[in-house]
Each structure stands twice: as C-alpha cells, then as structure tokens.
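The structure under discussion appears below in the form of structure tokens.
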Amino acid sequence: MSISTADVIVTSPGRNFVTLKLVTSDGVVGWGDATLNGRELAAAAYLRDHLVDTLIGRDEDRIEDTWQYLYRGAYWRRGPVTMAAIAAVDMALWDIKAKKAGVPLYQLLGGASREKLRVYAHASGNDYAALSQAIRGYVEEGYTAVRIQTGVPGLDSVYGVSATAKPGEKYDYEPAHRSARPDEEEWDTPAYLRHVPTIFEKVREEFGPELRLLHDGHHRMSPIEAARLAKSLEPHDLLWLEDATPGEDQDAFRLIRQHSTTPLATGEVFNSVYDYQTLITERLIDYVRSAPTHTGGVTGMKKLLDFAGIYGIRSGLHGPTDVSPIGMAAALHIDLAIHNFGIQEYMPHSDLTLETFRTSYTFDRGFLHPGDTPGLGAELDETLAAQHPYTPAYLPVNRLLDGTLHDW
Ligand code: GCO
Ligand code: MG
C-alpha cells in the first residue's frame with residue numbers, strides 16, 4: 001500500500017492551526033500537526049509546495065525512512081518550519097500505522113509505562129488576590145502542579161498574565177490580538193526580579209509545601225539575572241524554572257547551574273536534538289520542553305527523549321493552545337510510553353477548537369490519558385474547519401521601558 005493523497009488544511013477555530021491529512025491507497029487516514037504560532041503559513045507552504053508531491057506513492061509503513069528522507073535528504077536541515085512540516089508527516093504516518101494495527105499509538109511505542117500523566121495548569125493574576133483565586137480553582141479541580149505567573153508593579157501587562165480575566169476566571173491569554181502586526185508590550189527586568197520571589201513566598205505560605213510550583217521566564221533574563229532568580233526561588237522549591245535565558249545560548253545555563261539548585265527546563269523554541277546537545281550531555285537542564293509538533297513529530301521526539309534519558313533528564317513536553325489537539329495527542333502517547341516522563345503541560349483548548357478537532361484524550365483530577373482509540377485518537381472535522389479561515393495573529397513584541405527591543 002502507499003500514500004495516495006496529502007492535503008494541508010489551515011483553519012482558525014479560535015486560533016490558527018495547520019493540519020496534514022494523509023490517506024492511503026486502501027483508505028486509512030492519518031492526521032498530523034504542523035502549527036507554528038504566528039508563522040503558520042510558512043509551515044503550510046513548506047508542506048504544500050515542497051513535501052506533498054514527494055509523499056504520494058510512498059510506502060506508509062516506512063516511517064523511519066521517510067523521516068530520514070525529509071530530514072537528511074533535504075540538504076537544509078533543522079529549523080522550526082522544516083521540523084514542523086516533518087512532524088506533521090511523521091505523526092500522520094504513526095497514526096496510520098497504529099490504526100492499521102488496531103491499537104492506540106502508545107502501544108507501538110512500547111506500551112504504557114504508567115497509568116496516567118500528571119499535568120500542570122497555568123495560574124496567573126495581576127495581583128496576589130487574583131493569582132491566589134486562580135490557584136485555588138485548580139487545586140479544587142484536582143491539579144497537583146501549577147505554573148505561577150504574576151503581574152509586575154509598574155508594568156501595564158505581562159505576557160502569560162491575563163489582563164482582562166476576573167479573579168479566578170479561566171482564560172486563554174493567547175492569541176493576544178488578531179491583527180496584521182504584533183502588539184508591543186513593555187518590560188522591566190529589575191522590577192520583575194524584585195517582585196517574583198515575594199509572590200512565591202505568599203503562594204507557599206497559603207498553599208503549603210506539597211503543591212508543585214513552576215515558573216516561566218519566557219527567555220527574558222541575562223545569564224546572571226537568571227542565576228539570581230533561580231537562587232532567590234530556591235527556598236520555594238520549584239519543580240522547574242523555565243526558559244530563564246534565550247534558548248540559543250546553551251552555555252548560559254552553566255552560569256545558572258553554578259549558582260542554584262532550582263531545576264531548569266527549556267526547549268519550547270528548539271526543534272532538534274542538536275539544540276539540546278550541550279544542555280543534555282553536561283546535565284545543565286532537568287526537563288526537555290519541546291513539543292512533538294516542533295521537533296520532527298513522534299520519531300524526532302523519541303530520539304530526543306531517549307538521548308535525554310541516558311543523562312537522567314526528563315520530559316516536560318510543551319502543551320500550549322497553539323499546538324493543535326492532534327499535536328497534543330501525539331505528546332500524550334509519547335508521555336505514556338517513555339520511561340523518563342516528568343510532567344505534561346496542559347492548557348485546555350477552547351470549546352470551538354475542540355468542536356473542530358475531535359479527541360479521545362481524557363482529563364481526570366489533574367491527570368491526562370491519551371485514550372484507547374486506535375491511532376492518535378485525534379482528527380479534524382474538515383467541514384467545520386472550512387468555516388474558520390486563517391486570520392493573521394501574532395505573539396507580542398517586547399520592549400524595555402526606554403524602547404529597546406528585548407528578548408522574548
Ligand atoms: C508555555 C509557553 C507558551 C508560549 C507559546 C508561544 O510555556 O506554554 O511559553 O505560552 O508562549 O506557546 O507560541
Ligand atoms: Mg514557556
């Protein structure tokens with residue numbers, strides 16, 4: 001048998017998603033996610049203009065060979081656009097193989113290594129009262145791990161913190177604005193560094209020692225600033241401090257490590273095992289943060305996590321709403337199968353997104369399970385998808401108070 005059709009579908013049920021649909025000559029359908037937040041059309045064009053023709057007629061069972069053909073054979077290796085496109089093909093091929101075998105994908109990856117997957121929720125608030133109410137809501141729902149993001153006195157808005165939600169209300173702070181140009185936000189690192197530890201102190205005081213706490217620095221600190229934050233958060237026992245410095249400077253993590261035992265996570269903007277090479281071999285991080293959608297799919301992510309596992313480094317896969325439910329399903333099958341699972345990020349998609357994509361994964365009291373539907377257990381309703389055309393939407397740009405463009 002072989003692949004007979006390959007279609008790229010760009011849809012925007014609440015936010016933009018890029019989906020690949022492969023159909024085999026005997027009618028088995030496979031789905032893949034190539035969503036690249038704010039650069040969706042580049043990933044769609046890479047698939048449509050460069051990959052689709054090479055897929056027609058290929059043996060759908062040869063997943064590793066197809067992965068190597070698209071990665072090694074392309075001359076231009078790596079990069080977010082390439083790796084998101086490869087990811088979509090790879091997920092769709094795994095979906096097809098598992099459907100043909102009549103088993104959920106995790107069975108083909110070695111079977112379940114655990115019963116359920118611990119997830120962390122996103123809690124935020126402009127002030128402590130709003131944050132505390134958000135955390136309480138998640139604890140009542142059974143979550144045992146919560147990411148804490150706080151407003152900073154003197155700044156109008158902070159990425160990752162809802163500007164509009166009422167205290168305790170759930171929100172999706174993305175996409176920030178659906179417009180042809182990114183919003184511009186202000187940033188002040190000294191104010192942030194002064195404020196964050198005081199918030200964690202209050203959270204520990206109110207919620208006690210057991211709740212797992214995480215924090216995302218969104219790549220905004222210099223190495224020495226990051227070291228200072230990691231050190232000042234040590235008494236509050238974080239599960240991780242994420243993206244403390246810009247990701248491409250792997251050496252920066254050495255400096256943070258020298259100063260602190262706060263566990264470190266990074267990688268949501270990485271797209272290959274080579275982005276992590278120094279970080280993993282020198283044990284400079286504790287968690288790998290990529291999504292299968294941005295790292296060459298199930299095959300790429302398995303290679304990365306097996307490599308990390310040798311060094312005792314665990315998974316903390318990226319699970320924001322800008323990864324489609326298909327990409328999320330791929331992450332959950334990997335999470336269930338690997339030995340070195342750490343935790344999974346869970347930012348539930350909007351109702352509109354979940355009407356357009358159907359999924360079989362389930363949430364129960366702070367834990368997810370990928371479900372037992374054969375394949376990935378996630379698919380796109382093409383009729384509904386057609387009702388939501390692509391709309392430009394960008395992440396904000398970040399400037400210091402004097403107007404200097406700053407790191408993300
Ligand atoms: C996270 C993230 C996201 C990203 C978003 C960008 O840790 O989940 O930092 O909120 O900002 O995925 O596309
Ligand atoms: Mg992040």
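Atoms within each ligand, like the ligands themselves, are counted from 1 in listed order. The figures here come from the full heavy-atom set of this structure, side chains too, leaving out hydrogens, waters and symmetry mates.
Close contacts of ligand 1 with His318, meaning ligand atoms under 4.0 Å from a residue heavy atom, involve 1 (C), 2 (C), 3 (C), 8 (O), 12 (O). Close contacts between ligand 1 and Asn37 involve ligand atoms 6 (C), 13 (O) [criterion: under 4.0 Å to a heavy atom]. Interface of Arg147 with ligand 1, defined as ligand atoms under 4.0 Å from a residue heavy atom, comprises 1 (C), 7 (O). Ligand 1 places these atoms under 4.0 Å from at least one heavy atom of Asp216: 1 (C), 2 (C), 7 (O), 9 (O). Which parts of ligand 1 touch Pro320 is read off a 4.0 Å heavy-atom cut-off, strictly below it: atoms 8 (O), 12 (O). Near Tyr159, with a cut-off below 4.0 Å to any heavy atom, the atoms of ligand 1 are 4 (C), 5 (C), 10 (O), 11 (O).
Residues Arg257 and Thr262 approach most closely at NH1-O, 4.2 Å, considering heavy atoms. Here the shortest heavy-atom pairing between Phe270 and Thr295 reads O-OG1, 4.1 Å. For the pair Thr189 and Met221, the tightest heavy-atom approach, listed with the atom from each and the gap, is CG2-CG, 4.1 Å.
Side-chain contact annotation: His215 with Gln149, donor-acceptor N/O pair under 3.5 Å present. For His122 and Glu345, the side-chain atoms include at least one donor-acceptor pair closer than 3.5 Å.
Protein N/O/S atoms closer to the Mg ion (ligand 2) than 2.8 Å number 3 in this structure.
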- Message: Pair Glu64, Lys303 - check salt bridge (charged side-chain N to carboxylate O under 4.0 Å, His left out), show working.
- Response: CA-CA 11 Å; Glu64 178 69 22; Lys303 290 179 195 299; 2.9 Å; yes

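The shortest heavy-atom distance from Arg289 to ligand 1 is under 4.0 Å.
Under the salt bridge (charged side-chain N to carboxylate O under 4.0 Å, His left out) criterion, Asp188 pairs with no residue, sequence neighbours left out. Residues that satisfy the side-chain hydrogen bond (donor to acceptor under 3.5 Å, both in side chains) test with Asp61, not counting sequence neighbours, are Lys97, Lys100.
Listed by first and then second residue, the ring-ring contact (aromatic ring centres under 6.0 Å, His included) pairs that reach into residues 221-250 are Tyr120-Trp240, Trp240-Tyr287, sequence neighbours excluded.
The proximity of Leu395 to ligand 1, defined as any non-hydrogen pair under 4.0 Å, is limited to the side chain.
Compare His294, Met347, Glu242, Glu268 by their heavy atoms: the one nearest to atom 2 (C) of ligand 1 is in Glu268.
Between Phe307 and Tyr276, a ring centre-to-centre spacing not shorter than 6.0 Å is recorded.
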